[in-house]
Amino acid sequence: MGGNTAVSDFLHTLNQQTTGEVRTDAYSRILYSTDASIYQVQPHGVLIPQTVDDVQAAVELAAKYQVPVLGRTAGSSLAGQAVNEALIIDFTRHLDQILEINPEEKWVRVQPGIVLDALNEQLRPYGLKYGPDPASSNRAAMGGIVSNNSTGAHSILYGMTADHVLEMNVILNDGSTAHFAPLTEAEVALKLKGNGRDAQIARAIHQLTQNPAHQAIIREGTPRHWRRCGGYNLDRFVPDGVTFQWPRDPRFNLAKLVCGAEGTLAIITDIKLNLVPRPTRSALAVVHFDSLFTALTAVPIILETGPTAVEVLDHYGLTLCREVPEYARLLDGFIEGDPNCVLITEFYGESEAELKDKVAKLQTHLNGQMVPVTAVVPAYTPQLQADVWKVRKVGLGLLMSIKGDYKPIPFIEDAAVPVEHLAEYVTKVEQFCHDIGTNVAYYAHASAGCLHIRPLINTKKAEEVAKLPQITRFSVELLKGYGGAFSSEHG
Ligand SMILES: Cc1cc2nc3c(=O)[nH]c(=O)nc-3n(C[C@H](O)[C@H](O)[C@H](O)COP(=O)(O)OP(=O)(O)OC[C@H]3O[C@@H](n4cnc5c(N)ncnc54)[C@H](O)[C@@H]3O)c2cc1C
């Protein structure tokens, strides 16, 4: 990294040359020093580019002055990847457009700053949408979603973002530009003979991933569970032996590597994304339980009925919602009695009759398997379903607003295990936390074995902070045994 003089010379020169806005004031640097994680790091400055040329010129200049750069969109990341001692390049202000839609071939080309919900709204008239659906979709933008390899409640249906990234244009660390796309074998051979920085990178990655000894290491080091997004996606370059939820495109494509790299390999300037048909109709079955363990044990049984999502709303979430009149009213529409937790189980279908049949089959299956549910409340109308999802989505915000110094802290929350191990994994982590005097809260994607576990820690006390590595070590050891992944969507 450049020293202080290099950094201020860099920022000064950048300010003179760019048509974008360069911010170095204390307010902006503090504003961009946080994301949704537990980390806080002040950037050197912030660039709000007007054009892709601004971005390219900034990266080239940063290379000259040896100053790090970091792309950023909504800054809603939960693992600290949107903050750094770097020049932050914020794409959300001006580089947030759809560049091209091809409804016949079901793809769209977008700039990084476009927010996912806004993109999906514009795709609605075509009956299409972007598949993976992080819960933060009302602010998360495609640059961050792609760089984090995000996914969401429908991951059992659509897999990971890396499954849907087709091509991208990027700026490499020397300021040169490159287009990454799937290549045929003949195209790969040609690329490997090239001279540019992109050819150099292609050669290095090709050598690394085509060597059988390296392939064995990549297979060995890749968690068995398909829901994973930690580390670089080298697993996408080995021919077999690793699991994916969505069929893997076997062609050599460096866009798959930049996806999930959290801004460390290249700055993305536009992305071509696969689209999926928008479901015609959906229904929910809100399955009530009197314990979280029973609920999690039931998930594999529920999955046998072909749902499109199974999400947990836990005891904390339900209790906190009841304390807010707006959400308490919504709960009245789909909660019966006083369950410990519910599994929000969703089905897609073409008609109401088909959906009613699916919910009925779920109930029959649960009865047949002697699953001790306390109620199953269906939601067929769009309004009631929207209410259920609203409550599910506000859950985390409410958790964060728990009064007092003990807050649900995200540090092991993104782990995922094959779903058949979920109940056992969660019970063991909960027991470990209780043994050291710590309560835990939960939310998220039971269907995919990803239950976000947030221990309640008082970060104002050193002895409480000391629990973070303790709990992390325990969780990581357990995960290894289950073939789980420490990070499954947050990076
Ligand atoms: C309440 C809440 C719920 C969440 N739920 C989910 C969920 O269900 N699933 C999930 O996956 N995540 C979830 N997240 C985490 C986060 O919102 C997502 O990972 C989201 O995709 C990040 O998007 P962003 O626009 O905020 O990206 P940012 O945080 O701005 O950036 C993310 C990464 O992308 C890089 N980046 C951004 N733009 C570029 C670019 N142009 N070129 C290169 N690198 C770039 C950044 O450097 C950073 O490393 C949640 C977060 C919150 C706060």
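Just so it is clear, the model here is predicted, and its values are computed rather than measured. Each ligand, and each atom within it, is numbered from 1 in the order the structure gives. Just the heavy atoms: all of them, side chains too, but no hydrogens, waters or symmetry mates, feed the values below.
- Of all protein heavy atoms, the one closest to atom 35 (C) of ligand 1 is Ser147 CB, 3.4 Å.
- Residue-to-ligand polar distances place Gly71 within reach of ligand 1: an N/O pair is separated by less than 3.5 Å.
- Ion pairing of Asp235 with Lys256 is absent here, as no side-chain N (NZ or NE/NH1/NH2) approaches a carboxylate O to less than 4.0 Å.
- Note on ring orientation: taking the six-membered ring where Trp is involved, the planes of Tyr425 and Tyr482 are perpendicular (angle over 60°, cut-offs 30° and 60°).
- Closest to atom 21 (O) of ligand 1, if we only count protein heavy atoms, is Ser150 OG, 2.8 Å.
- Nearest to atom 7 (C) of ligand 1 among the protein's heavy atoms is Glu489 OE2, 3.2 Å.
- Between Asp133 and ligand 1, a contact under 3.5 Å exists for no N or O pair.
- Side-chain atoms of Ser147 do not come within 3.5 Å of backbone N or O of Gly144 as any donor-acceptor pair.
- Shown in contact with Ala74 at under 4.0 Å from a heavy atom are these atoms of ligand 1, numbered in order with element: 24 (P), 25 (O), 26 (O), 30 (O).
- Of the protein's heavy atoms, Thr151 O, 2.6 Å lies nearest to atom 9 (N) of ligand 1.
- A donor-acceptor contact under 3.5 angstrom links the side chains of Asn169 and Asp270, judged on distance only.
- Taking 4.0 Å as the cut-off, Ile267 counts as a neighbour of ligand 1 on heavy-atom distance.
- Remark: minimum distance from atom 41 (N) of ligand 1 to any protein heavy atom is reached at Ile268 O, 3.1 Å.
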- Under the salt bridge (Lys or Arg N to Asp or Glu O under 4.0 Å) rule, what do Asp163 and Arg236 come out as? Steps first, then yes or no, please. CA-CA 10 Å; Asp163 295 310; Arg236 293 193 178 255; 2.9 Å; yes

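- Distances between N or O atoms of Ala82 and those of ligand 1 include no value under 3.5 Å.
- Atoms of ligand 1 found under 4.0 Å from any heavy atom of Ala266, numbered from 1 in the order shown, are 43 (C).
- Lys191 has a carboxylate O that lies under 4.0 Å from a charged side-chain N of Asp198, or vice versa, which qualifies the two as a salt bridge.
- The protein heavy-atom contact nearest to atom 2 (C) of ligand 1 is Leu396 CD2, 3.7 Å.
- Below 30°, between 30° and 60°, or above 60°: for Phe237 and Phe252 the angle between ring planes is above 60°, a perpendicular geometry.
- By the criterion of a heavy-atom distance under 4.0 Å, the side chain of Asn148, and not its backbone, is placed next to ligand 1.
- Contacts between Pro132 and ligand 1, counted as non-hydrogen atom pairs separated by less than 4.0 Å, are absent for every part of the residue.
- Ligand 1 places these atoms under 4.0 Å from at least one heavy atom of Ile145: 21 (O), 23 (O).
- Note that the CZ atom of Arg224 and the OG1 atom of Thr243 stand 9.0 Å from one another [nearest 0.5 Å].
- Under a 4.0 Å heavy-atom criterion, Gly113 is not in contact with ligand 1.
- In this structure, Arg139 is part of the shell of residues with a heavy atom less than 4.0 angstrom from ligand 1.
- Aromatic ring orientation, Tyr158 versus Trp246: tilted (interplanar angle from 30° to 60°).
- Closest to atom 28 (P) of ligand 1 among all protein heavy atoms lies Gly75 N, 3.5 Å.
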- Mind running ring-ring contact (aromatic ring centres under 6.0 Å, His included) on His445 and His154 for me, showing each step along the way? CA-CA 8 Å; His445 321 300; His154 293 91; 9.4 Å; no

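- Geometrically, ligand 1 and Leu78 share no nitrogen or oxygen pair separated by less than 3.5 Å.
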- Item | Thr51/Asp53 under side chain to side chain donor-acceptor pair (under 3.5 Å): CA gap, chis, key distance, verdict | CA-CA 5 Å; Thr51 63; Asp53 285 348; 5.0 Å; no

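- Near Ala36, with a cut-off below 4.0 Å to any heavy atom, the atoms of ligand 1 are 53 (C).
- Residue Leu70 approaches ligand 1 through these ligand atoms, each under 4.0 Å from one of its heavy atoms: 47 (O).
- If you check the side chains of Glu21 and His94, you find no donor sitting under 3.5 Å from an acceptor.
- No side-chain heavy atom of Asn340 sits less than 4.5 Å from a side-chain heavy atom of Phe293.
- A cation-pi contact links Arg228 to Phe244, judged by a cut-off of 6.0 Å to the six-membered ring centre and 45° from its axis.
- Atoms of ligand 1 lying under 4.0 Å from at least one heavy atom of Pro112, given by number and element, are 41 (N).
- Taking every non-hydrogen atom of His445 and a distance limit under 4.0 Å, the qualifying atoms of ligand 1 come out as 8 (O).
- In this structure, atom 24 (P) of ligand 1 lies nearest to the protein heavy atom Thr73 OG1, 3.5 Å.
- At least one N or O atom of Ala141, backbone or side chain, sits closer than 3.5 Å to an N or O atom of ligand 1.
- At least one N or O atom of Ala135, backbone or side chain, sits closer than 3.5 Å to an N or O atom of ligand 1.
- Formation of a donor-acceptor pair under 3.5 Å by the Lys106 side chain with backbone atoms of Asn274 is not found in this model.
- Between Glu326 and Lys390 there is a salt bridge, since a side-chain N of the basic residue sits under 4.0 Å from a carboxylate O of the acidic one.
- Distances below 4.0 Å separate heavy atoms of Glu262 from the following atoms of ligand 1: 47 (O), 49 (O).
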